[in-house]
Number of protein chains: 2
Amino acid sequence: MGKEEYISELIQKLETTQPLGEEEQRLLRQLPLNIRHYEAGQDIVREGELAKQCCLVIGGLVCRYKIVGEGQRQIISLHLPGDIPDIHSLVLPRMDHNLGTLTSVTVGFIPHEPVRALTRSSFRIAEAFWRETLIEASIYREWMVGIGKRPAASRIAHFLCEFITKMKAIGLSDGITCNLPMTQTEIADSLGLSTVHMNKQLRKIRETGLVRIRASRITVLNWSGLCELAEFDADYLHLREQTPS
Amino acid sequence: MGKEEYISELIQKLETTQPLGEEEQRLLRQLPLNIRHYEAGQDIVREGELAKQCCLVIGGLVCRYKIVGEGQRQIISLHLPGDIPDIHSLVLPRMDHNLGTLTSVTVGFIPHEPVRALTRSSFRIAEAFWRETLIEASIYREWMVGIGKRPAASRIAHFLCEFITKMKAIGLSDGITCNLPMTQTEIADSLGLSTVHMNKQLRKIRETGLVRIRASRITVLNWSGLCELAEFDADYLHLREQTPS
DNA sequence: CGACATTTTGAGTCAGCTCAATCAGTGTGG
DNA sequence: CCACACTGATTGAGCTGACTCAAAATGTCG
């Protein structure tokens with residue numbers, strides 16, 4: 001896969017929400033990319049840094065997180081291939097959180113300047129990036145509601161629904177089964193739960209026969225049942241094509 | 001106060017982050033405003049609606065919220081005068097949450113079209129609005145961390161620090177004291193706490209002598225102590241001028 | 001086969017919840 | 001000026017979902 005292909009992932013991701021014109025695609029394909037690999041558990045960008053570039057996730061799973069109190073980690077969002085998790089640094093360069101890897105990851109760094117030039121010359125591209133950040137904010141809202149008000153089992157179910165839906169949108173899941181390369185501790189850190197409680201509640205969900213989990217592979221056996229437990233409604237993801245299966 | 005003044009609030013708010021040029025200010029002042037008043041506890045926009053306009057908060061306190069489960073409310077964000085809490089509807093018109101009033105409120109509705117025209121003709125204005133939504137996302141992240149990982153007392157203290165800091169930024173607080181026109185139930189709904197627990201923890205904070213609360217008036221007696229309890233660091237608000245006092 | 005990471009289980013504790021009163025402040029009408 | 005109504009703040013008494021600590025079981029991989 002060449003650099004051409006990498007930008008295609010970005011285009012595919014942007015188009016999960018709204019199609020781009022030929023011209024915008026052409027402009028995006030001209031962006032320079034500095035490819036870099038990371039192992040699992042490394043930081044890509046750290047809190048406090050002044051960003052001069054942003055990173056396109058090409059392969060693997062990236063997370064945004066903050067450390068609070070006695071070193072507790074709250075994972076704030078997950079980023080799949082095609083995402084530019086720090087596109088905001090174009091406008092707010094001072095990082096107020098970290099970006100790290102959950103698996104081995106390939107990213108393409110893009111200097112701010114050419115991106116800024118693009119957003120200033122094409123309002124369509126500017127709006128596409130703006131929209132991405134707005135959808136991310138919408139996901140934050142949903143997570144906030146989950147952490148604030150939903151019981152653990154429902155939160156976990158919601159997490160699974162969202163993950164599969166997002167994976168399906170970029171063609172990495174059929175909507176029934178997909179790879180979830182996260183440890184239970186990492187999922188717990190995303191949901192504001194302890195690992196132990198996460199594990200016990202996950203077992204309960206498994207026992208109801210809604211999902212099957214083997215290693216990092218999850219299979220939804222009863223999508224509507226899982227959605228009901230999760231109170232999952234994909235509207236907040238603002239996808240053009242709706243829910244799996 | 002005429003409509004001119006209302007747009008000044010918007011400009012003042014935008015400039016808490018970054019100054020605007022003369023030209024941008026002039027363009028913003030030409031935006032049309034349809035003024036409307038609401039009582040406390042009313043909805044301005046509801047989940048599911050397709051927005052064709054956005055609303056500038058002119059006076060009073062507006063909140064964004066979702067209802068989950070058996071009618072439990074999670075308040076997601078607060079909006080002070082000068083805010084356009086649904087500026088995102090320009091790009092994502094389908095509302096995935098509600099906007100409601102916490103006090104009596106005056107808003108100015110601005111049709112999407114002229115705003116869209118502005119953002120497309122002036123990248124500076126587009127970036128100013130984008131920036132606002134990015135800062136809001138940053139606040140979501142901080143709230144998520146609070147709800148997910150901080151104990152109740154710390155969460156409450158953090159809430160107070162943030163509120164006063166934001167009020168000070170728009171000139172509605174001196175950084176020591178300010179009006180907080182919310183019931184304890186409403187604050188609890190923002191923090192993912194029950195009213196009862198909220199009340200008990202708030203009393204504990206009062207007893208430590210960090211703040212004084214009389215009716216809806218709060219006075220910080222020990223700012224650094226409160227910040228310590230809250231682990232509050234105003235960086236995430238991305239203000240040009242820093243922390244109260 | 002180790003060595004290490006992850007998952008699972010058990011036991012005990014506690015922060016935060018619900019239910020149920022009571023108290024205080026603010027209007028309103030007579 | 002007082003009685004009544006209402007909303008919001010406060011307090012008390014359990015209850016329980018979620019946490020911590022600790023250990024055992026199960027992968028996983030060189």
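Within every chain, numbering begins at 1; the chains are lettered A, B, ... in the order of the sequence lines, protein sequences first and strands thereafter.
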Sugar-phosphate only, base, or nothing, as touched by B/Gly41 at under 4.0 Å among non-hydrogen atoms: nothing
Ring pair (Phe, Tyr, Trp, His ring centres under 6.0 Å) involving B/His197 - partner list, sequence neighbours excluded: none
Check against side chain to side chain contact (heavy atoms under 4.5 Å, CB included), A/Ile218 and A/Cys178: CA-CA 6 Å; A/Ile218 57 175; A/Cys178 85; 4.3 Å; yes
Restricting both atoms to N or O, compile the protein contacts to nucleotides 8-13 of chain D shorter than 3.5 Å, with distance only.
from   : atom 1 : to       : atom 2 : distance (Å)
D/dA9  : OP2    : B/Gln184 : N      : 3.0
D/dT10 : OP1    : B/Arg206 : NH2    : 3.3
D/dT10 : OP2    : B/Gln184 : NE2    : 2.6
D/dT10 : OP2    : B/Asn199 : ND2    : 2.7
D/dT10 : O5'    : B/Asn199 : ND2    : 3.3
D/dT11 : OP2    : B/Arg203 : NE     : 2.7
D/dG12 : N7     : B/Lys200 : NZ     : 3.3

Distance-only side-chain donor-acceptor flag, A/Arg217 / A/Asn179, under 3.5 Å: yes
Of residues 66-79 of chain A, the positions that come close to DNA chain C - non-hydrogen atoms, cut-off under 4.0 Å: none
Separation of atom CD in A/Gln201 from atom C1' in D/dT16, rounded to whole Å: 12 Å
Ring center gap for B/His88 and A/His238 short of 6.0 angstrom: no
Atom pair distance, as rounded to whole Å: CG in B/Asp189 and P in C/dC17: 11 Å
Pairwise side-chain contact, B/Leu92 with A/Ser138, heavy-atom cut-off 4.5 Å (strictly under): no
Rounded distance (Å) that lies between atom P of C/dT9 and atom CE of A/Met198: 14 Å
Heavy-atom side-chain contact between B/Leu180 and B/Ile187 under 4.5 Å: yes
Side chain proximity check, B/Leu102 to B/Tyr65, heavy atoms < 4.5 angstrom: no
Interatomic distance, B/Ile213 CD1 vs C/dA24 P [rounded to whole Å]: 18 Å
Ring centers of B/His79, B/Phe163 separated by less than 6.0 Å: no
Integer-rounded Å distance: C/dG16 P and B/Ile147 CD1: 13 Å
Value in whole Å for how far the P atom of C/dT18 lies from CG of B/Leu193: 11 Å
A/Tyr236 vs A/Glu162 side-chain heavy atoms within contact, under 4.5 Å: yes
Value in whole Å for how far the P atom of C/dG16 lies from NZ of A/Lys149: 14 Å
Rounded interatomic separation in angstrom, taking CG from A/Leu102 and P from C/dA5: 17 Å
